[in-house]
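Single-structure report; data block below.
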Amino acid sequence: MAQMNFGGVMENVVTREEFPLEKAKEVLKEETIAVIGYGVQGPGQSKNLRDNGFNVIVGQRKGATWDKAVADGWIPGETLFEIDEACQRGTIIQYLLSDAAQIEVWPTVKKNLTAGKALYFSHGFGITYSERTNIIAPKDVDVILVAPKGSGTSLRTMFLEGRGLNSSYAIYQDATGRAHDRVIALGIGVGSGYLFETTFKREVYSDLTGERGSLMGAIQGLLLAQFETLRENGHTPSEAFNETVEELTQSLMPLFAKNGMDWMYANCSTTAQRGALDWMGPFHDAIKPVMGLLYDSVKTGKEAQISIDSNSQPDYREKLNEELRQLRESEMWRTAVTVRKLRPENN
């Protein structure tokens with residue numbers, strides 16, 4: 001573990017150079033890793049572990065997702081099992097079901113958590129909000145977390161490209177004295193670039209805030225507000241979309257991801273510089289109070305309870321699909337379909 005300076009703050013990080021794959025495989029050579037769930041994170045993490053040479057099996061209920069696992073090369077009775085049997089076989093249980101499904105399946109997982117096993121999460125939700133989820137691990141197992149900073153699809157894609165997706169890691173409970181080596185080895189095994197230290201609570205607070213904020217909720221709200229303003233003032237859908245979304249995602253984001261927003265400001269026109277610097281403040285001042293309200297809602301558990309209540313409704317999927325349909329069929333994202341077809345790589 002090394003300490004690195006992030007904007008003047010020292011943080012603990014682990015790189016693949018100091019904890020290489022061979023060391024990870026040595027740490028876990030006697031372990032059977034049971035990946036429970038094959039939805040968002042399960043496929044990427046399990047396939048990366050398999051390709052890296054770890055002893056990994058998948059636990060999944062039969063149905064469409066089971067069939068997807070079979071199509072990905074998991075063999076029923078050998079590397080693919082029902083959840084109960086996979087939990088019995090695993091010495092490390094990677095609990096990668098959705099938050100709602102974790103609550104539902106917890107009794108099955110808990111009864112298989114015998115002394116010395118490890119319970120692994122990629123999200124701090126179940127443990128942090130245990131008074132709402134009832135996910136309380138036995139005292140004689142390790143409870144650890146590796147949270148890739150992206151989707152399971154991104155984790156897998158970057159792995160196949162020879163790159164790594166940065167991940168946070170945390171230890172909630174070290175019953176065996178081996179929790180640290182186990183969690184770092186798993187982080188390397190699933191394809192992390194580097195690992196930075198956090199806690200279960202900090203992970204879930206930052207994750208829920210990010211999803212509702214700059215990663216999805218706020219960015220959609222911001223893009224829609226600008227698109228609507230341009231349309232209301234006579235701009236065509238194509239022009240409004242290009243100025244709002246296409247230029248941002250296709251031109252600017254890759255540049256400021258690589259070089260920083262300061263570089264972006266320094267390398268645009270003087271007119272753009274002046275306007276961006278002048279309007280940065282008003283946007284910050286308008287958004288900051290909303291971010292504060294959001295964080296408080298996460299911290300108090302209100303957001304967690306909303307998710308639990310919503311996701312446990314029998315018609316949850318139907319309502320969700322309707323909301324997503326409305327988003328998909330909005331003018332901005334219908335315009336996106338045509339714009340994407342016109343990109344050079346598609347012609």
Side-chain angles (χ1 to χ4, degrees), residues 24 27-46 48-49 54-61 79 81-148 152 155 167-190 192 195 197-205 207 304 308:
V27 168
L28 301 179
K29 65 181 179 180
E30 303 296 331
E31 306 269 21
T32 297
I33 305 165
V35 175
I36 307 303
Y38 209 72
V40 178
Q41 283 289 334
Q45 293 200 31
S46 61
N48 290 359
L49 285 164
F54 293 86
N55 181 23
V56 57
I57 61 176
V58 170
Q60 177 61 40
R61 288 176 286 201
T79 56
F81 303 92
E82 294 273 7
I83 290 174
D84 187 36
E85 185 172 356
C87 289
Q88 291 177 39
R89 290 171 174 266
T91 59
I92 297 171
I93 297 175
Q94 292 196 204
Y95 206 20
L96 301 183
L97 294 168
S98 69
D99 295 325
Q102 283 187 14
I103 297 170
E104 177 188 349
V105 178
W106 177 242
T108 299
V109 174
K110 185 177 181 180
K111 73 177 184 179
N112 289 296
L113 283 171
T114 52
K117 288 192 176 186
L119 178 62
Y120 166 113
F121 294 86
S122 284
H123 190 26
F125 190 99
I127 292 292
T128 299
Y129 301 115
S130 58
E131 75 282 358
R132 301 170 188 269
T133 65
N134 292 315
I135 296 177
I136 302 172
K139 296 296 185 184
D140 54 4
V141 302
D142 293 341
V143 182
I144 54 181
L145 172 146
V146 173
L155 184 73
S167 303
S168 59
Y169 75 92
I171 299 170
Y172 181 79
Q173 186 168 283
D174 184 2
T176 67
R178 299 179 53 237
H180 179 268
D181 283 356
R182 274 173 145 178
V183 73
I184 300 302
L186 288 162
I188 298 300
V190 301
S192 301
L195 294 141
E197 190 175 25
T198 188
T199 66
F200 273 65
K201 184 176 289 187
R202 293 209 321 261
E203 189 284 328
V204 74
Y205 286 4
D207 189 72
I308 292 169

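In this chain, numbering begins with 1 at the start of the sequence shown.
Nearest heavy-atom pair across Leu97 and Gly37 is CD2-CA, 3.5 Å. Closest heavy-atom contact between Ile93 and Val109: CG2-CG1, 4.3 Å. Considering all non-hydrogen atoms of both residues, Arg132 and Ala304 come closest at CD-CB, 4.4 Å. Of all heavy-atom pairs between Glu203 and Ala147, the closest is OE2-CB, 3.7 Å. Scanning both residues, Ala170 and Val183, for their nearest heavy atoms gives O-CG2, 4.0 Å. Ser46 approaches Tyr38 most closely through the heavy-atom pair OG-CE1, 3.5 Å.
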* Asp174 and His180: side-chain contact (heavy atoms from CB on, under 4.5 Å), yes or no, with the steps? -> CA-CA 8 Å; Asp174 184 2; His180 179 268; 5.8 Å; no

* Asked: Going through the checks in order, is the side-chain contact (heavy atoms from CB on, under 4.5 Å) test met by Phe54 and Leu186?
  -> CA-CA 10 Å; Phe54 293 86; Leu186 288 162; over 6 Å; no

* To do: Decide yes or no on side-chain contact (heavy atoms from CB on, under 4.5 Å) for Phe81 and Gln88, but give the supporting numbers first.
  => CA-CA 10 Å; Phe81 303 92; Gln88 291 177 39; over 6 Å; no

* To do: Evaluate side-chain hydrogen bond (donor to acceptor under 3.5 Å, both in side chains) for Thr108 paired with Asp84, printing each intermediate quantity in order.
  => CA-CA 6 Å; Thr108 299; Asp84 187 36; 5.6 Å; no

* Might you work through the side-chain hydrogen bond (donor to acceptor under 3.5 Å, both in side chains) test for Ser168 and Thr198, ending with a clear yes or no? => CA-CA 6 Å; Ser168 59; Thr198 188; 5.4 Å; no

* Asked: Does the side-chain contact (heavy atoms from CB on, under 4.5 Å) test come out yes or no for Arg182 and Thr176, once each step is laid out?
  -> CA-CA 10 Å; Arg182 274 173 145 178; Thr176 67; 3.9 Å; yes

Identify each donor-acceptor pair in which a side-chain atom of residues 133-141 lies under 3.5 Å from a protein atom, sequence neighbours left out, and give them as a table.
residue : atom : partner : partner atom : Å
Thr133  : OG1  : Gly126  : O            : 2.7
Thr133  : OG1  : Tyr129  : O            : 3.4
Thr133  : OG1  : Ile135  : N            : 3.2

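The CD atom of Gln173 sits 11.5 Å away from the CD1 atom of Ile144 when rounded to the nearest 0.5 Å. Atom CD1 in Ile188 sits 11.5 Å away from atom CG in Leu49 (nearest 0.5 Å). With values rounded to the nearest 0.5 angstrom, Leu119 atom CG is found 5.5 Å from Leu113 atom CG. Taking CZ of Arg178 as the start and CD1 of Ile171 as the end, the distance is 12.0 Å to the nearest 0.5 Å. Taking OG1 from Thr32 and CD1 from Ile57, the interatomic distance works out to 6.5 Å, rounded to the nearest 0.5 Å. Taken from CZ in Arg202 to CG in Asp207, the straight-line distance is 13.5 Å, to the nearest 0.5 Å.
Not a single donor-acceptor pair under 3.5 Å links the side chain of Asp142 to the backbone N or O of Ala118. Using a distance-only test at 3.5 Å, with no hydrogens or angles considered, a donor-acceptor pair links the side chain of Ser122 to the main chain of Val146.
Of the residues listed (Tyr169, Phe125, Tyr120, Tyr172), the one engaging Phe200 in a ring-ring contact (aromatic ring centres under 6.0 Å, His included) is Tyr172, and it is the only one.
Inter-residue side-chain proximity for Val204 and His123 is flagged as met; some heavy-atom pair is nearer than 4.5 Å. Looking only at side-chain heavy atoms (C-beta outward), Leu28 and Ile92 come within less than 4.5 Å of each other.
Applying the salt bridge (Lys or Arg N to Asp or Glu O under 4.0 Å) test to every pair with at least one member in residues 86-99, sequence neighbours left out, gives these pairs: Glu85-Arg89.
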